[in-house]
Amino acid sequence: MAKIKFKKSDDFFVQVYEVTRLIPYGRVTSYGAIARFLGHSRASRMVGYAMNNAHTQVPPVPAHRVVNRNGQLSGKHHFATPTEMQELLEMEGIKVKNDTVVNFHLHYWEPATMLEDLE
DNA sequence: ACTTTGACTATAA
DNA sequence: GTTATAGCCAAAG
C-alpha cells in the first residue's frame, strides 16, 4: 500500500476515488454502483459527496465519468465550468443530450459486475 | 453532541 | 412517461 497518504477520516472517500479511477476510457458509471461496490449500497450520496474533494486528490479523479443512475450529469455544475463535464464525455465518444448521456446503458460500467466477470 | 446538508436512489401516485 | 416523497449514510458546521 503506502501509495498515497490520506487522513483516516478520508478512508471511505479514498475507496471512491480509486474505484472512479478504474472506470475505463469512454465508460461511465453511477454513484450507486460505486457505493454498492464498496459495500455501502445506500451511501450513494456519499460518493457524490466524496467527488466534491475529487479535484483535490492526486492523481486526478475522472469524476466526469460518474453520473447518476439516470445518466444525468448531476454533477456538471461542480466542475470548473458547467460545460466541462459534457465536453469531456463527448471527447471520449460519449454523446450528451440535454445534460443526459445518450445510450447510457451502453456506456454504463459497473465495477462489481466487471470484476466478477474477469475471472 | 446536535443539526443541516448533499454530484443519490427507490418507491408511490 | 413524469413528479413527489421518503430513506439513506457520512461529512461539515
Practice task
Quick one: which residue pairs count as a salt bridge (Lys or Arg N to Asp or Glu O under 4.0 Å) with a foot in residues 33-44 of chain A, not counting sequence neighbours?
Solution key: A:Arg36-A:Glu110

Handout entry: Partners passing ring pair (Phe, Tyr, Trp, His ring centres under 6.0 Å) against A:His40 (at least two apart in sequence or in another chain)
Key = A:Phe12

Completion exercise
Output for pair (A:Met85 CE, A:Leu73 CG), nearest 0.5 Å, gives 4.0 Å

Handout entry: Expected output: side-chain A:Thr83 to main-chain A:Thr81 donor-acceptor under 3.5 Å
Key = no

Problem - Donor-acceptor contact present, side-chain A:Asn68 to main-chain A:Asn70, <3.5 Å - result: yes

Problem - ring-ring contact (aromatic ring centres under 6.0 Å, His included): pairs with one or both residues in residues 53-106 of chain A, sequence neighbours excluded - result: A:Phe104-A:Tyr108

Practice task
Could you tell me the separation between the CG atom of A:Asn98 and the P atom of C:dT2, rounded to a whole number of Å?
Solution key: 11 Å

Exercise for the section: Taking side-chain hydrogen bond (donor to acceptor under 3.5 Å, both in side chains) as the test, write out the residues that go with A:Glu90, two or more places apart. Expected result: A:Gln86

Completion exercise
Expected list for residues 62-74 of chain A near DNA chain B, using heavy atoms below 4.0 Å, is A:Ala63, A:Asn68, A:Arg69, A:Ser74

Problem - Sequence neighbours excluded - salt bridge (Lys or Arg N to Asp or Glu O under 4.0 Å) pairs with any residue from residues 50-63 of chain A - result: none

Fill in the blank from the handout: Sorted by chain and residue number, the side chain to side chain contact (heavy atoms under 4.5 Å, CB included) partners of A:Thr20 (sequence neighbours excluded) come out as A:Val16, A:Ile23, A:Ile34, A:Met51, A:Val61, A:Pro62, A:Val66

Exercise for the section: Rounded to the nearest angstrom, tell me the gap between atom CE in A:Met51 and atom P in C:dA10. Expected result: 17 Å

Exercise for the section: Could you check which residues of residues 80-97 of chain A get a heavy atom under 4.0 Å from DNA chain B? Sort them by number, please. Expected result: none

Exercise for the section: Kindly state which residues belonging to residues 40-48 of chain A come within less than 4.0 angstrom of DNA chain B, counting heavy atoms of the residue only, listed by number. Expected result: A:Ser44, A:Arg45, A:Met46, A:Gly48

Problem - Closest heavy-atom pair and its distance - A:Ala35, A:Ala43 - result: CB-C, 3.9 Å

Fill in the blank from the handout: The first and last nucleotides of DNA chain B lying within contact of chain A, meaning any atom under 4.0 Å from one of its heavy atoms, run from B:dG6 to B:dA10

Handout entry: Which residues share a side chain to side chain contact (heavy atoms under 4.5 Å, CB included) with A:Pro24, sequence neighbours left out
Key = A:Arg27, A:Trp109

Exercise for the section: Name all pairs fulfilling the salt bridge (Lys or Arg N to Asp or Glu O under 4.0 Å) condition that reach into residues 68-86 of chain A, sequence neighbours left out, sorted by first residue then second. Expected result: A:Lys76-A:Asp99

Fill in the blank from the handout: Taking every heavy atom of A:Met91 against every heavy atom of A:Tyr25, the minimum-distance pair comes out as O-OH, 3.1 Å

